[in-house]
Amino acid sequence: MTALGDRLAARIARFGPITVADYMAEALTDPEAGYYMTGDPFGAGGDFVTAPEVSQMFGELIGLWCADTWARMGAPDPVLLVELGPGRGTLMADALRALRVTPDCRAALRPHLVEISPALGARQRQTLAAGVDASWHERLDRVPEGPLLVIANEFFDALPIRQFERRPEGWCERLVALGPGGKGLAFALGPPSAQAQILIPATLRAAPAGAVVEVSAPGIAIAGEIGRRLAAHGGAALIVDYGHAAPRTGATLQAVRRHAAHDVLAEPGSADLTAHVDFAALARAATEAGARAFGPVDQGELLEALGIGARAEALRGSASPAEAATVDAARHRLTDGAEMGTLFKALALSHPDLGAPAGFG
Ligand code: SAH
């Protein structure tokens with residue numbers, strides 16, 4: 001057990017079991033010991049590899065998606081380019097570099113990075129070239145108002161979820177309690193929950209006993225805030241993550257450490273915790289706030305539509321045989337159905353008058 005685990009156990013002993021969402025929030029973002037707050041978990045030497053860390057092509061194509069959307073918006077100047085959860089800053093750096101081909105768009109863009117982790121914020125400052133006019137915020141609601149483009153890769157899967165399990169007596173919330181004999185942490189089930197009746201999507205409420213439903217209140221709130229801003233000021237958002245297009249049952253909360261599955265409760269703060277994203281819930285929140293939703297489409301489909309084939313060809317043109325093989329492998333990994341191509345999906349949100357963004361038509 002980690003020091004954070006001991007702290008959580010002491011809190012549970014005193015005040016009772018906590019929700020899975022509270023546990024996730026503490027394990028990921030406790031200021032002293034949260035998983036994201038202290039280190040750099042990305043890359044081959046870390047715990048997991050994300051699409052921008054696989055290849056520069058990912059960020060470059062998203063940069064060009066931004067330029068295309070900006071032109072459809074009527075080329076507003078200035079326009080905010082907001083990235084949620086930028087990790088090492090690789091996606092933003094690659095996107096801004098690709099935008100050198102559209103200097104008017106690049107000149108209009110004001111990068112705003114929303115990052116809760118001071119350690120990763122410092123890392124992002126290193127990654128972005130000196131002279132990049134970026135601002136950092138801990139939360140989306142601190143970003144100034146205005147026309148905006150929003151990008152988020154593997155951000156929503158890191159937001160806390162609550163879990164509800166259907167029992168014969170009703171929907172009960174899964175909680176984190178003390179383990180047997182008061183040692184360690186273990187999952188437990190609360191009494192039938194009145195909140196569950198409100199939070200669980202209507203289509204799932206009659207699921208059979210044993211079914212588990214996950215709900216991310218912070219994810220829904222952030223999608224609603226994006227939708228409100230898009231409807232009020234114009235713009236579009238591109239949300240890429242792994243998850244499902246329609247609400248469904250099934251527990252997906254998982255811990256990952258050094259590229260392998262890890263026990264969710266064993267060592268809080270030392271492993272990444274994620275859950276699959278319910279894209280339908282995000283789309284509904286943004287739509288209710290006045291935006292339009294498109295997709296989700298498979299990541300492979302989106303990247304092919306945005307021109308990963310041509311981009312890979314261009315990179316191969318100036319590459320050694322070994323580098324060319326790396327480009328091919330990266331394209332395969334990002335787009336193939338057996339790799340990241342269909343597990344990962346992209347949802348677009350936009351001002352209702354903007355029409356379908358590139359890749360969603
Ligand atoms: N987009 C990056 C990193 C994904 S990991 C990539 O694709 O490589 C998740 C990122 O979201 C990290 O930067 C993490 O610190 C940040 N994050 C997690 N929870 C957050 C929260 N509640 N608010 C803001 N940022 C958060």
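Read the numbers this way: they start at 1 and go in the same order the structure lists the ligands and their atoms. Below, each value reflects all heavy atoms present in this structure, side chains not excepted, and no hydrogens, waters or symmetry copies.
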> Considering only heavy atoms of Gly87, which atoms of ligand 1 have at least one such atom less than 4.0 Å away?
Replying inline: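 Atoms satisfying the 4.0 Å criterion: 2 (C), 3 (C), 13 (O).
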
> Should you measure from each heavy atom of Leu120, which atoms of ligand 1 turn up under 4.0 Å away?
Replying inline: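 Listed by number with element: 12 (C), 13 (O), 15 (O).
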
> Closest heavy-atom contact between Thr249 and Ala207?
Replying inline: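 Minimum heavy-atom contact is CG2-CB, 4.1 Å.
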
Among all protein heavy atoms, pick the one closest to [atom] and tell me residue, atom and distance.
{"atom": "atom 6 (C) of ligand 1", "value": "Thr50 OG1, 3.3 Å"}
{"atom": "atom 22 (N) of ligand 1", "value": "Leu159 CD2, 3.7 Å"}
{"atom": "atom 9 (C) of ligand 1", "value": "Glu154 O, 3.4 Å"}
{"atom": "atom 15 (O) of ligand 1", "value": "Glu115 OE2, 2.6 Å"}
{"atom": "atom 7 (O) of ligand 1", "value": "Asn153 ND2, 2.8 Å"}
{"atom": "atom 19 (N) of ligand 1", "value": "Ile116 CG2, 4.1 Å"}

>> Just so I know, are the side chains of Leu347 and Phe294 near enough to count as touching, which here means a heavy-atom distance under 4.5 Å?
In response: no

> Do any heavy atoms of Leu28 fall under 4.0 Å from ligand 1?
Replying inline: no

>> Between Glu214 and Thr252, does the side-chain hydrogen bond (donor to acceptor under 3.5 Å, both in side chains) criterion hold? Intermediate values first, please.
In response: CA-CA 8 Å; Glu214 297 175 334; Thr252 69; 2.7 Å; yes

> Are Gln254 and His262 linked by a side-chain donor-acceptor pair shorter than 3.5 Å?
Replying inline: no

> Any sub-3.5 Å donor-acceptor pair from Arg110's side-chain atoms to Ala107's backbone N or O?
Replying inline: yes

>> Val49 vs Arg333, test: side chain to side chain contact (heavy atoms under 4.5 Å, CB included). Steps then yes/no.
In response: CA-CA 11 Å; Val49 180; Arg333 185 154 174 203; 3.8 Å; yes

> Quick one: which of Gly59, Pro52, Gly85, Ser117 has a heavy atom closest to atom 1 (N) of ligand 1?
Replying inline: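 Answer by nearest heavy atom: Gly85.
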
>> For the residue pair Arg125 and Trp136, would you count it as a cation-pi contact if the rule is NZ or CZ under 6.0 angstrom from the ring centre and within 45 degrees of the ring axis?
In response: yes

